[in-house]
Amino acid sequence: MNPTQPNPVDYSMWKLMAWTGPIFFIGFFCMWGLLGSNFPPMAANTSAQDMWQHYKDLQTPIMIGMSVCMVLGSCYMTFGAAVSRVMRRIEGGEGMLANIEMTGATITYCPIVVACGIWLTIALQIDVLSPEMVQTLYYLGWMIVDLAYMVTSWQIIAAAIVFLRDKRAKPLVPAWVCWWGFVTVASFFPVSLIPFFKTGPFAFHGMFNFWIAFPTWYIWIVSMSVFIIKAVNRIEIEDGAASPSAVREQSGSLIGAR
Amino acid sequence: MSTSPAVATRRLPGVEGVWVFVLADMCFFGVLFVSFMQERIKQGALFETARHTLNPDFGGINTLILLTSSWFVVLAVDAAKRDRLATIPKLLLAAMLCGIAFGISKAIEYGGKLAAGITPMSNDFYMFYFSLTGIHLLHVIGGCVMLTVFWLKARRGEFDSRNMKVLESGATYWHMVDLLWIFLFPLLYLLR
Amino acid sequence: MALLTKPATLVWLFLMAATCVTTWGLSKDQFTASVATLSIILIAAIKVRLVLLHFMELRHAPLPWRLLLEAWVLVVTGAIAGFYLHAAPVA
């Protein structure tokens with residue numbers, strides 16, 4: 001074995017990590033949205049007493065939904081790692097944007113896990129909490145998860161810039177997905193208004209800040225997942241690693257090139 | 001009048017991605033316009049009273065400013081198509097200064113409202129007024145930064161008839177900012 | 001002055017004039033509220049369409065893109081006018 005042979009790329013692990021994207025978005029749709037009764041989310045102008053009743057009535061489904069989401073949320077980090085690796089192929093090893101994407105995806109998990117933990121605790125402790133306490137904690141979750149948008153924005157911007165720079169005739173991630181990333185970032189900024197409104201489009205359950213900002217991001221995650229899964233397959237073929245004989249040829253030529 | 005060679009084939013100015021962005025952004029504003037109209041039905045009297053505290057002179061002059069800015073950008077793209085390299089930076093600078101004038105006028109207008117004790121929290125009309133014009137103003141500020149970068153690039157001669165994708169993409173964005181204000185202004189200031 | 005005969009310049013002059021009409025003409029009280037308002041909405045729609053076709057060069061764009069953006073104008077104008085008519089004008 002030649003000692004200068006580069007470490008083999010673990011395509012199977014890479015593909016597995018790319019598939020954690022769909023696990024994240026399907027899991028959240030079912031567990032947070034459907035089981036956790038967040039389609040639509042309980043409105044910001046709901047009275048404290050009604051909020052208490054909501055958690056009392058839905059105690060078990062919310063506890064299951066939120067606790068599963070706290071676990072599944074980590075898939076956003078592993079998915080981010082897969083995206084980062086694809087970006088590195090375009091950016092080169094010294095690229096900074098791949099790091100920003102990876103870190104952005106990882107930190108995005110933090111507000112998600114904290115907010116879901118808070119909503120879980122409300123359901124868990126509903127019998128000893130006052131309605132005002134329920135309302136406060138419910139708001140706390142929303143403020144944390146929504147106002148953390150900028151860290152996710154950095155992740156999305158970094159990915160968009162790098163994939164737009166892809167020189168391939170058919171880019172790994174098409175330009176429209178990158179531009180949809182910019183659309184997502186633009187839709188996030190009005191989220192800064194949520195502390196100030198309990199009704200209207202800019203409340204956290206409102207037309208804009210829920211029904212536009214979240215689906216826009218969701219579409220980005222779904223489309224990015226699809227193209228990252230495809231990209232890993234394409235890179236594997238580009239590397240000639242799809243068949244074992246091609247691998248030998250490829251690594252031989254790599255060594256020869258040194 | 002000479003026909004531009006670009007006319008011969010159907011083409012979208014700039015990169016296609018910027019049109020994805022522009023269309024999505026326009027749809028966001030469309031949703032906000034509809035939200036405003038829905039709320040206006042529920043609180044008609046309040047909206048009408050509050051509307052009268054807005055000065056349409058500001059809105060009208062701001063429309064004229066943005067239209068003129070857009071026109072300068074159209075002329076800049078046209079100058080690039082005709083390789084009149086020396087004219088491009090002047091036109092881009094003029095367009096950018098119009099954007100700044102819009103910002104100053106908005107600052108004076110906001111200042112007057114805040115001095116009169118009117119804030120976004122006063123009522124739902126002012127919530128819409130400050131949020132919609134504020135989100136639009138962010139677009140204007142972003143556009144001014146973009147036009148400044150373009151002005152510097154144009155001074156270095158980076159735009160000509162063969163290198164104008166970036167300029168055209170930016171122009172498309174800037175016209176959208178103009179276009180959104182054309183609807184936003186009557187919606188907030190003039191409907192009665 | 002070739003500048004003044006360019007189509008874009010003529011469009012710009014028209015847009016400026018239309019803005020003056022809506023801002024300082026139609027907003028006056030001699031027009032009834034609904035006539036003035038509907039004219040203002042219609043003029044805004046025409047202005048937006050001119051910006052799309054002439055400034056954003058959609059005249060020469062591939063048809064699907066042009067239709068998409070023209071549809072936006074139609075839907076938004078229709079929605080604003082529809083909601084306006086749905087609400088009883090405040091006299």
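Letters A, B, ... mirror the listed sequences (proteins, then strands); counts begin at 1. Remember, it's a predicted structure, so these values are computed and weren't measured experimentally.
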For B:Phe36, is it the side chain, the backbone, both or neither that has a heavy atom under 4.5 Å from a heavy atom of chain A?
neither

Side chains of B:Leu32 and A:Pro201: does their closest heavy-atom pair fall under 4.5 Å?
yes

Most chain B-contacting option - heavy-atom pairs closer than 4.5 Å, from A:Phe189, A:Trp179, A:Phe208, A:Trp176
A:Trp179

Which atoms of B:Val31 approach chain A - backbone, side chain, both or neither, heavy atom under 4.5 Å:
side chain

Test side-chain hydrogen bond (donor to acceptor under 3.5 Å, both in side chains) applied to B:Thr63 and B:Trp181, step by step
CA-CA 7 Å; B:Thr63 313; B:Trp181 182 256; 3.2 Å; yes

Out of the candidates B:Gln43, B:Lys42, B:Arg40, only one should pair with B:Asp124 under the side-chain hydrogen bond (donor to acceptor under 3.5 Å, both in side chains) rule; please name it.
B:Gln43

Portion of B:Val34 that has a non-hydrogen atom of chain A nearer than 4.5 angstrom:
neither

I'd like to know whether A:Gln49 forms a side-chain hydrogen bond (donor to acceptor under 3.5 Å, both in side chains) with A:Gln53, so could you lay out the CA-CA distance, the side-chain angles of the two residues, the decisive distance to 0.1 Å, and finally the verdict.
CA-CA 6 Å; A:Gln49 189 57 47; A:Gln53 199 59 48; 4.6 Å; no

The ring-ring contact (aromatic ring centres under 6.0 Å, His included) partner of A:Trp217 among A:Trp180, A:Tyr76, A:Phe28, A:Tyr149 is A:Tyr76

Tell me, side chain or backbone of A:Phe196 under 4.5 Å from chain B's heavy atoms, or both, or neither?
both

Which bit of A:Phe182 comes within less than 4.5 Å of chain B, counting heavy atoms only: side chain, backbone, both or neither?
both

Largest heavy-atom contact set with chain A, pairs under 4.5 Å, which of B:Val18, B:Val15, B:Leu138:
B:Val18

With the threshold set at 4.0 Å, does a side-chain nitrogen-carboxylate oxygen contact exist between B:Glu109 and B:Lys106?
yes

